[in-house]
Amino acid sequence: MEIKVVKDILGANEQIAQKNRQLFDSNHVLAVNLMSSPGAGKTSLILETIKRLKGKTRVGVVEGDISSSLDAEAIGKEGVPVVQINTGGECHLDANMTSTALGSVPLKDVDLLLIENVGNLVCPAEFALGEHKKILISSTPEGDDKPFKYPLMFHEADVVLINKIDLLPYLKFNTDAFSRAIKGINQKVEIFPISCTTGEGIEKWVSWLLTQMSRRQS
Ligand code: MG
Ligand code: ZN
């Protein structure tokens with residue numbers, strides 16, 4: 001009984017996600033869903049990405065948070081359109097919340113939409129939003145055992161960003177073992193080590209984004 005209810009919820013979500021996708025496609029928008037545990041660096045990554053794409057592409061942001069608009073305010077200072085979703089306690093974004101938010105995003109004036117999901121490594125992996133790519137940010141202080149603990153999230157990701165590599169000298173984090181564990185779950189995933197603090201690796205991530213955008217436009 002319970003399994004059927006979950007299937008119905010995910011089925012209804014999938015239908016709305018497909019409508020969101022059509023809206024992105026008809027407006028030539030690349031939409032990416034940024035997921036991570038709390039504090040892994042989603043907002044910092046968005047800020048770094050916006051800075052590097054200024055003058056190259058038009059970015060819009062959807063900010064998902066359980067409450068507060070602190071992250072949205074920080075992003076709004078960069079001068080890009082940002083729409084806040086407060087989930088009111090829900091621990092993930094779903095397609096319906098995203099659809100409501102999209103009503104306030106000027107999609108015609110956006111080439112890249114960054115959707116910051118709620119900080120959580122579990123259910124965001126199950127709810128499609130209509131995005132083209134799923135990005136997982138996993139930071140070094142969280143430990144290198146996360147692929148074993150949250151395999152669905154690592155399985156669903158198109159890209160894993162290993163953030164906070166500037167802290168590696170102080171941590172027992174084995175980047176090779178971590179990458180091997182991810183590849184064991186997901187062979188097609190791309191992995192980029194980055195630091196939003198020092199800027200290391202961010203250029204590679206940004207050029208990956210630009211490549212995805214040019215592929216979609218051609
Ligand atoms: Mg944030
Ligand atoms: Zn949830």
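As the structure lists them, so they are numbered: ligands from 1, and atoms in each ligand from 1. All residue numbers refer to positions in the sequence shown, counting from 1.
Partners of F24 by ring pair (Phe, Tyr, Trp, His ring centres under 6.0 Å), not counting sequence neighbours: none found.
Protein N, O or S atom count below 2.8 Å of the Mg ion (ligand 1): the structure gives 3. The count of protein N, O or S atoms under 2.8 Å from the Zn ion (ligand 2) stands at 3, with waters excluded from the count.
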Might you work through the salt bridge (Lys or Arg N to Asp or Glu O under 4.0 Å) test for R58 and D111, ending with a clear yes or no?
-> CA-CA 5 Å; R58 299 169 303 171; D111 306 308; 2.9 Å; yes

For salt bridge (Lys or Arg N to Asp or Glu O under 4.0 Å), just list the numbers for K54 and E78, CA-CA rounded to whole Å, side-chain angles, deciding distance to a tenth of an Å, and then say yes or no.
-> CA-CA 9 Å; K54 247 175 207 162; E78 294 299 318; 3.1 Å; yes

Output, in order, the C-alpha distance, side-chain angles, deciding distance and verdict of salt bridge (Lys or Arg N to Asp or Glu O under 4.0 Å) for R180 and D176.
-> CA-CA 6 Å; R180 268 199 309 278; D176 289 340; 5.4 Å; no

Tell me, with the steps shown, if E73 and K77 meet salt bridge (Lys or Arg N to Asp or Glu O under 4.0 Å).
-> CA-CA 6 Å; E73 285 163 24; K77 284 185 187 148; over 6 Å; no

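Residue pairs meeting the salt bridge (Lys or Arg N to Asp or Glu O under 4.0 Å) criterion with at least one partner in residues 9-38, sequence neighbours excluded, are D25-R216.
In this structure, a donor-acceptor pair under 3.5 Å is present between the side chains of S37 and E142. A side-chain donor-acceptor contact under 3.5 Å links K42 and S36.
Expressed to the nearest 0.5 Å, how far CG of D145 lies from CZ of F178 amounts to 9.0 Å.
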